[in-house]
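Take a look at the structure set out below.
Order of the sequence lines fixes the chain letters, A, B, ..., with proteins taken first and strands second; residue numbering starts at 1 for each chain.
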Number of protein chains: 2
Amino acid sequence: MDAIFKVLANPVRIRILTWLKDPDTNFPPMIHLPEEEKGKGYVCVGVIQEKAGVTQSTVSHYLNLMKQAELLSCKRIGQWTYYRRNEETLQKTSEYIASYL
Amino acid sequence: MDAIFKVLANPVRIRILTWLKDPDTNFPPMIHLPEEEKGKGYVCVGVIQEKAGVTQSTVSHYLNLMKQAELLSCKRIGQWTYYRRNEETLQKTSEYIASYL
DNA sequence: TGACAATATCGAAATACTGCGATAAGTAGA
DNA sequence: TCTACTTATCGCAGTATTTCGATATTGTCA
């Protein structure tokens with residue numbers, strides 16, 4: 001839970017997390033994503049980087065932190081890595097605050 | 001909200017927050033607290049410091065951060081400063097995660 | 001295989017946080 | 001007023017985080 005709060009203690013990462021709630025309106029379509037993976041909320045690193053306005057290495061680092069904290073999961077397809085939200089962790093975090101904090 | 005997550009990104013502060021959920025079982029009685037303020041969850045700095053196992057200056061700093069983030073409120077009575085949880089902020093934080101994140 | 005594109009990792013400098021000891025400020029009582 | 005007690009603030013050293021540029025890795029395609 002400590003790693004989760006550390007992730008959330010950064011406004012850029014918070015924004016990424018909220019953007020990924022609605023990829024269709026926040027990112028261009030993932031044209032290389034195979035049909036069977038579409039509609040699952042996957043977004044590739046490049047477009048997240050562009051929107052976040054940080055360097056590629058920074059966004060890659062951030063996404064990795066978020067993955068370690070299980071706030072995101074990822075899938076590599078071809079030369080792209082697609083990240084999406086892990087709703088279960090988000091929900092558990094909310095519940096943790098509501099019932100344990 | 002950023003300040004809140006920064007506060008939560010520290011295990012000692014998390015512990016303090018949870019201890020303050022139930023002062024009666026986690027802290028000795030506040031014998032100097034006037035009758036009309038009892039039962040409101042107030043705990044003085046000294047006993048929090050002792051239980052947290054950090055120095056007085058550190059706990060004072062932490063409590064101040066938590067107050068800035070509105071996770072705690074405080075009242076000075078005599079030579080003691082009493083802190084208690086601000087349940088409203090906790091609840092709003094949980095709701096923020098559940099509905100905006 | 002070679003060139004290119006996307007992402008990950010490395011190394012480093014700037015900044016922020018942690019947590020301490022020392023000291024200051026406020027309060028109460030003799 | 002002097003002293004003791006409680007808490008706040010200051011200054012600092014150690015550590016962690018932020019964020020970058022450079023480089024490595026991985027995958028694609030000609």
Contact list for DNA chain D against residues 29-48 of chain A - heavy-atom distance below 4.0 Å: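 The stretch gives none, as no residue of it lies under 4.0 Å from the strand.
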
Should we say atom CD of A:E50 is surrounded by more than 12 heavy atoms from elsewhere, each under 6.0 Å from it?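 Counting other residues, nucleotides and ligands, CD of A:E50 stays at 12 neighbours or fewer.
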
Does B:E88, at its CD atom, have more than 12 non-hydrogen atoms belonging to other residues, nucleotides or ligands within less than 6.0 Å?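 No, not enclosed.
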
Gap between atoms [atom1] and [atom2], on [X] and [N] respectively (whole Å):
{"X": "B:L65", "N": "C:dT18", "atom1": "CG", "atom2": "P", "value": "7 Å"}
{"X": "B:Q49", "N": "D:dT9", "atom1": "CD", "atom2": "C1'", "value": "16 Å"}
{"X": "A:I77", "N": "D:dG27", "atom1": "CD1", "atom2": "C1'", "value": "13 Å"}
{"X": "A:K6", "N": "C:dA16", "atom1": "NZ", "atom2": "P", "value": "17 Å"}
{"X": "B:Q79", "N": "D:dA4", "atom1": "CD", "atom2": "P", "value": "14 Å"}
{"X": "B:N64", "N": "C:dC17", "atom1": "CG", "atom2": "P", "value": "13 Å"}
{"X": "A:K67", "N": "C:dT9", "atom1": "NZ", "atom2": "C1'", "value": "13 Å"}
{"X": "B:W80", "N": "C:dA28", "atom1": "CH2", "atom2": "C1'", "value": "8 Å"}

Does a side-chain N or O of [X] approach OP1 or OP2 of [N] to a distance below 4.0 Å, or not?
{"X": "B:T58", "N": "C:dC20", "answer": "yes"}
{"X": "A:S60", "N": "C:dT7", "answer": "no"}
{"X": "B:N10", "N": "C:dT18", "answer": "yes"}

Closest to side chain of B:R76, choosing from D:dT18, C:dG26, C:dC20: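 Selected nucleotide: C:dG26.
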
Within the 4.0 Å heavy-atom criterion, would you say B:Y83 contacts the bases, only the backbone, or no part of the nucleic acid?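 Sugar-phosphate, backbone atoms only, no base.
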
Please say which of A:I4, A:L8, A:V7 ends up in a side-chain contact (heavy atoms from CB on, under 4.5 Å) with B:F5.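 Result: among A:I4, A:L8, A:V7, A:L8 is the only option passing the side-chain contact (heavy atoms from CB on, under 4.5 Å) with B:F5.
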
Has the side chain of B:S57 got a donor or acceptor atom sitting under 3.5 Å from an opposite partner on the base of C:dG21?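 Pair found.
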
Any N or O donor-acceptor pair linking the side chain of B:Q56 to the base of D:dA8 at under 3.5 Å?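 A donor-acceptor contact between them is present.
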
In plain terms, say whether A:K92 and A:E95 are close enough for a salt bridge, that is, a side-chain N and a carboxylate O under 4.0 Å apart.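 Answer for the salt bridge query: no.
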
Would the distance check show the side chain of A:Q91 and the main-chain N or O of B:A98 forming a donor-acceptor pair, the cut-off being under 3.5 Å?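 Here the side-chain-to-backbone pair does not exist.
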
Using modelled atom types and a 3.5 Å cut-off, is there a donor and acceptor pairing between side-chain atoms of A:R13 and backbone atoms of A:K6?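 Between the backbone of A:K6 and the side chain of A:R13 there is a qualifying donor-acceptor contact (under 3.5 Å).
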
Within-4.5 Å side-chain heavy-atom neighbours: B:W19 and B:K51: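 A side-chain contact exists here, since the closest heavy-atom pair is under 4.5 Å.
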
Please compare A:H61 and B:H61 by the position of their nearest nucleotide in DNA chain D and report the one closer to 5'.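 Whichever sits nearer the 5' end wins; that is B:H61.
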
